[in-house]
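Quick note on labels: first sequence line is chain A, next is B, and so on, each numbered from 1.
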Number of protein chains: 2
Amino acid sequence: MRDAYHEELDALTATLVDLTQLVGTAMARATTALLDADLVLSESVITADDQVDELQQDLDQRALELMARQQPVAGDLRQVITTLRMSADLERMGDLARHIAKVARLRYPESAVPAEIRATIEEMGEVAEKLTKKVGTVLAERDVKGALEVDADDDEMDRLHRKLFRVLLHQQWPHGVETVIDVTLVGRYYERFADHAVSVARRLVFLVTGEFPEDLPTTSV
Amino acid sequence: MRDAYHEELDALTATLVDLTQLVGTAMARATTALLDADLVLSESVITADDQVDELQQDLDQRALELMARQQPVAGDLRQVITTLRMSADLERMGDLARHIAKVARLRYPESAVPAEIRATIEEMGEVAEKLTKKVGTVLAERDVKGALEVDADDDEMDRLHRKLFRVLLHQQWPHGVETVIDVTLVGRYYERFADHAVSVARRLVFLVTGEFPEDLPTTSV
């Protein structure tokens, strides 16, 4: 049986998993709002991000209190610190979903995404969702092998991101400068979302093995 | 006289101040490299970012060891945790300077910045430098009043960022799509750089007063 202290640590992990679900849902809805120029849906993503922020602040508070009260050392200290860093990545993923919803809202009733770009954005949304789900499972199961696979999914996101630019740079791009700005920013938001997902997976590997995986980029703290 | 423990805490702060100087210099040099299409300078910014990363990792390591060894509580715990968060902001500021240097390198021997945009980018570089210097002073002197002023400088960055878009969206923009992409990304990098500077200042206010200032946005952990 686990003691109260380790039960609290487990509860922190459960909240991290909840956060992955919230930001995964936010990103899926933001993608739909962007593609369908859905004002109501984009507003709801923007509003729902407050929940992510509150849950993250609550998580951080509990982690800090646990640290102050129990004064963990070695592996336990590492786990609490890593939790704080993961929660920061997840909070930022929520911000990025909100940024995409804001672009959708800004261009309503038009869609910010022209037809030539639609399929690529749709795929980026799918990869973002897949990544976030996998990160949730990886956290819940402390699955190092799964964490390492997240990197391959991020390669897919990078490939799609490069494809976006190729379409924009195609000769005789028929849309205006505004569309180029929107698509450039949106592409960046998806890419950063995936980077933070990789970062969470990478931290899980560190937590379990004591070493960061080679060749996996990370965002800091 | 301060005890060994508080001397170590002071040494952590001194390293944070060193980091502000490194990332401030990196950003100033990245701006010059971008405006002058200076390949050698952009390469040197890209390479120098490794130093920022190493110093940040060293700082984090010392903070974690201090925590494990001394098991600080209350205000002291808050200071160590805040140090970890500030160092993450500063490391990210280094990345953003490197991103700008990479855009400069990518477009060499051309400049990524057309004449119409030059003055605004120059100003953004100046604001970034001013912000970073102020953050260094604020950290060294635990200057809450100065920290609150950083927010006003960030308003200036936001104003310049909006101005960039206005120029891009001006009728008959004579440059191609590639330039719009470059300017959009570069503008985003300056804006994020300033956001992280504000975040460090905001954390300093929290550290000294126990409360986050109202109306100051922050980046998380």
Side-chain angles (χ1 to χ4, degrees), chain A residues 52-53 56-57 59-60 63-65 67-78 80-95 99 164-165 167-173 175-189 192 195 212 217-221, chain B residues 52-53 56-57 59-60 63-65 67-78 80-95 99 164-165 167-173 175-189 192 195 212 217-221:
Chain A
V52 173
D53 293 349
Q56 191 237 355
Q57 280 158 22
L59 173 61
D60 281 13
L64 292 173
E65 279 166 14
M67 218 183 304
R69 208 169 54 241
Q70 303 278 357
Q71 309 192 336
V73 291
D76 289 340
L77 176 61
R78 188 162 75 197
V80 182
I81 294 287
T82 301
T83 297
L84 289 172
R85 289 173 163 171
M86 288 172 168
S87 92
D89 280 316
L90 290 163
E91 190 270 339
R92 186 73 197 142
M93 289 165 79
D95 287 346
H99 285 349
L164 264 195
F165 288 130
V167 179
L168 288 176
L169 290 167
H170 191 272
Q171 277 193 325
Q172 293 160 329
W173 173 250
H175 309 284
V177 165
E178 189 173 82
T179 304
V180 177
I181 295 173
D182 284 348
V183 171
T184 301
L185 289 176
V186 161
R188 175 86 186 147
Y189 300 148
R192 290 296 299 156
D195 286 345
F212 278 111
T218 192
T219 63
S220 69
V221 182
Chain B
V52 173
D53 293 350
Q56 191 237 356
Q57 281 158 22
L59 173 61
D60 280 14
L64 292 173
E65 280 166 13
M67 218 183 304
R69 209 171 51 240
Q70 302 278 357
Q71 309 191 336
V73 291
D76 289 341
L77 176 61
R78 190 162 75 197
V80 182
I81 295 287
T82 301
T83 297
L84 288 172
R85 289 170 163 170
M86 288 172 167
S87 91
D89 280 315
L90 290 162
E91 190 271 338
R92 186 72 197 143
M93 289 165 78
D95 287 346
H99 285 350
L164 263 195
F165 289 129
V167 179
L168 288 177
L169 291 167
H170 192 271
Q171 278 192 326
Q172 294 159 327
W173 172 251
H175 308 285
V177 165
E178 189 174 83
T179 304
V180 178
I181 295 174
D182 284 348
V183 172
T184 301
L185 288 176
V186 162
R188 175 87 185 146
Y189 300 149
R192 290 296 298 155
D195 285 346
F212 278 111
T218 190
T219 63
S220 68
V221 182

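- Closest approach of A/M67 to B/L77, counting heavy atoms only: SD-CD1, 3.8 Å.
- B/I81 touches chain A through its side chain: at least one heavy atom from C-beta onward sits under 4.5 Å away, while N, CA, C and O do not.
- Atom NE2 of B/H99 and atom CZ of A/R188 lie 4.5 Å apart (nearest 0.5 Å).
- Applying the ring pair (Phe, Tyr, Trp, His ring centres under 6.0 Å) rule to B/H175 yields the partners B/W173; only residues at least two apart in sequence or on another chain are considered.
- Partner A/T184 forms a side chain to side chain contact (heavy atoms under 4.5 Å, CB included) with one of B/V183, B/L185, B/D182, B/V177 and no other, that one being B/L185.
- A search for side-chain hydrogen bond (donor to acceptor under 3.5 Å, both in side chains) contacts involving B/Q71 returns nothing, not counting sequence neighbours.
- The two residues A/V180 and B/V180 make their nearest non-hydrogen contact at CG1-CG1, 3.6 Å.
- A/D60 is listed as a side-chain neighbour of B/R85, based on a closest heavy-atom distance under 4.5 Å.
- Proximity to chain A involves both the backbone and the side chain of B/I181, based on heavy atoms less than 4.5 angstrom apart.
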